[in-house]
Protein chains: 2
Amino acid sequence: MKETALCPRLSKAMDLIGKRWVGLILYELLEGPKRFNEIESSLPISGRLLSERLKELEKEGLVERQVYTEVPVRVEYSLTEMGLSLKGAIDAIEIWSKRWL
Amino acid sequence: MKETALCPRLSKAMDLIGKRWVGLILYELLEGPKRFNEIESSLPISGRLLSERLKELEKEGLVERQVYTEVPVRVEYSLTEMGLSLKGAIDAIEIWSKRWL
DNA sequence: TTCATAACTTACTTTTCGTAACTTACTATA
DNA sequence: TATAGTAAGTTACGAAAAGTAAGTTATGAA
């Protein structure tokens, strides 16, 4: 890994968002809070990775995890304000995709 | 890989943009045409991957490659209209990064 | 006692990355 | 003639990340 003059914040943003599945996970959560299985069945992602990604996103502050101790347990994931404020970027990508792909 | 009801265009867009380094490569090229070595030294990416990514982006129509047969040879990469029109998305990510990271 | 469910977790294979050395083509210099 | 320098890659290989499938935990219902 080299030294660069690149803005570290942009670099980190691209690292977060540019990680596989993250864009689509955020896209799903922009519709509202969702359960683990809901996200898993909306996307072609495996449970292993979904679990890993949600943990990262929670740690970075984009996603919140809420556990409901029902039987069986229910766990809901939702966007924080930080996560929600990526809506503009995700929307822009969606619009672009409809025009160019 | 599972079946999904996910929009294939959004899915493909996220695949393209969400691939490692692609966001930052596009960001660099939004400043204007750049040579291989210029991009390589602006980003912490190796020649191997940069070469691979530029080929993909060219194949997908986001980037154009122009060879100038000087000595030594000069190769410039620039965004196509398709590539340029991702500016909105990249800008949104940059703005988000300045606010939240 | 067995089954079912949600949300993970583990074990294992395949793919992608990161690093560094090497290649090609041509010119300038000793 | 031999050597060195430069841009733009390419190759080889070990390390890290992703994909797949089976297993785990907790609880209540049949």
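Given the structure is predicted, the values throughout are model-derived calculations rather than measurements. Letters go in sequence order (proteins before strands), and every chain restarts at 1.
Across the helix from dT1(C)-dA30(D) to dA30(C)-dT1(D), the helix axis at one end is tilted relative to the axis at the other end by 30° (nearest 10 degrees, each axis from five pairs).
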Notebook entry, point to check: Step by step, would you call Glu28(A) with Lys34(A) a side chain to side chain contact (heavy atoms under 4.5 Å, CB included)?
Noted result: CA-CA 8 Å; Glu28(A) 290 297 321; Lys34(A) 290 203 178 185; 2.6 Å; yes

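Under 4.0 angstrom from either OP1 or OP2 of dG18(C) there lies at least one side-chain N or O belonging to Trp21(B). OP1 or OP2 of dG19(D) lies within a sub-4.0 Å distance of a side-chain N or O belonging to Arg20(A). Taking only side-chain nitrogens and oxygens, Ser51(A) comes nearer than 4.0 Å to OP1 or OP2 of dT9(C).
Here the C1' atom of nucleotide dT16(C) and the CG atom of Leu49(B) are 8 Å apart, to the nearest Å. If you take CD of Glu52(B) and P of dT11(D), they are 12 Å apart, rounded to a whole angstrom. Rounded to a whole Å, the CD1 atom of Ile25(B) is 11 Å from the P atom of dC17(C). Rounded to whole Å, atom C1' of dG18(C) lies 15 Å from atom CG of Leu43(B). Residue Leu50(A) contributes atom CG, which lies 13 Å from atom P of dA18(D) at whole-angstrom precision. The nearest whole Å value for the distance from the CD1 atom in Ile45(A) to the C1' atom in dT20(D) is 13 Å. Rounded to whole angstrom, the span from the CG atom of Asp15(A) across to the P atom of dA16(D) amounts to 16 Å.
Put simply, the side chain of Thr80(B) gets close to the backbone of Gly61(B): a donor and an acceptor are under 3.5 Å apart. Of the possible donor and acceptor atoms, one in the side chain of Trp96(B) sits under 3.5 Å from a partner among the backbone N and O of Met82(A). Distance alone, capped at 3.5 Å, is enough to place a donor-acceptor pair between the Arg53(B) side chain and the Arg20(B) backbone.
With values rounded to the nearest 0.5 angstrom, Glu64(B) atom CD is found 12.5 Å from Leu57(B) atom CG.
A heavy-atom distance below 4.0 Å to DNA chain D is reached by these residues of residues 54-80 of chain A, ordered by number: Val71(A). The stretch residues 26-38 of chain B touches DNA chain D through Arg35(B), Phe36(B), Asn37(B), each having a heavy atom within less than 4.0 Å of the strand.
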Result block: side-chain N/O donor-acceptor pairs under 3.5 angstrom for residues 5-12 of chain A, not counting sequence neighbours:
from: Arg9(A); atom 1: NH1; to: Lys98(B); atom 2: O; distance (Å): 3.4
from: Arg9(A); atom 1: NH1; to: Leu101(B); atom 2: O; distance (Å): 3.2
from: Lys12(A); atom 1: NZ; to: Glu60(A); atom 2: OE1; distance (Å): 3.0

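The side chain to side chain donor-acceptor pair (under 3.5 Å) check on Lys87(B) picks up Asp91(B), with sequence neighbours excluded. Evaluation of the side chain to side chain donor-acceptor pair (under 3.5 Å) rule for Arg35(B) yields no partner, not counting sequence neighbours.
Looking at Ile90(B), Leu26(B), Ile25(B) one by one, the single match for side-chain contact (heavy atoms from CB on, under 4.5 Å) with Met14(A) turns out to be Ile90(B).
A salt bridge does not link Glu58(B) to Lys55(B): none of the charged side-chain nitrogens sits closer than 4.0 Å to a carboxylate oxygen.
In the interface, the side chain of Arg48(B) is not paired with the base of dG9(D) through any donor and acceptor atom under 3.5 Å apart.
Residue Glu81(A) qualifies as open at atom CD: its count of foreign heavy atoms under 6.0 Å is 12 or below.
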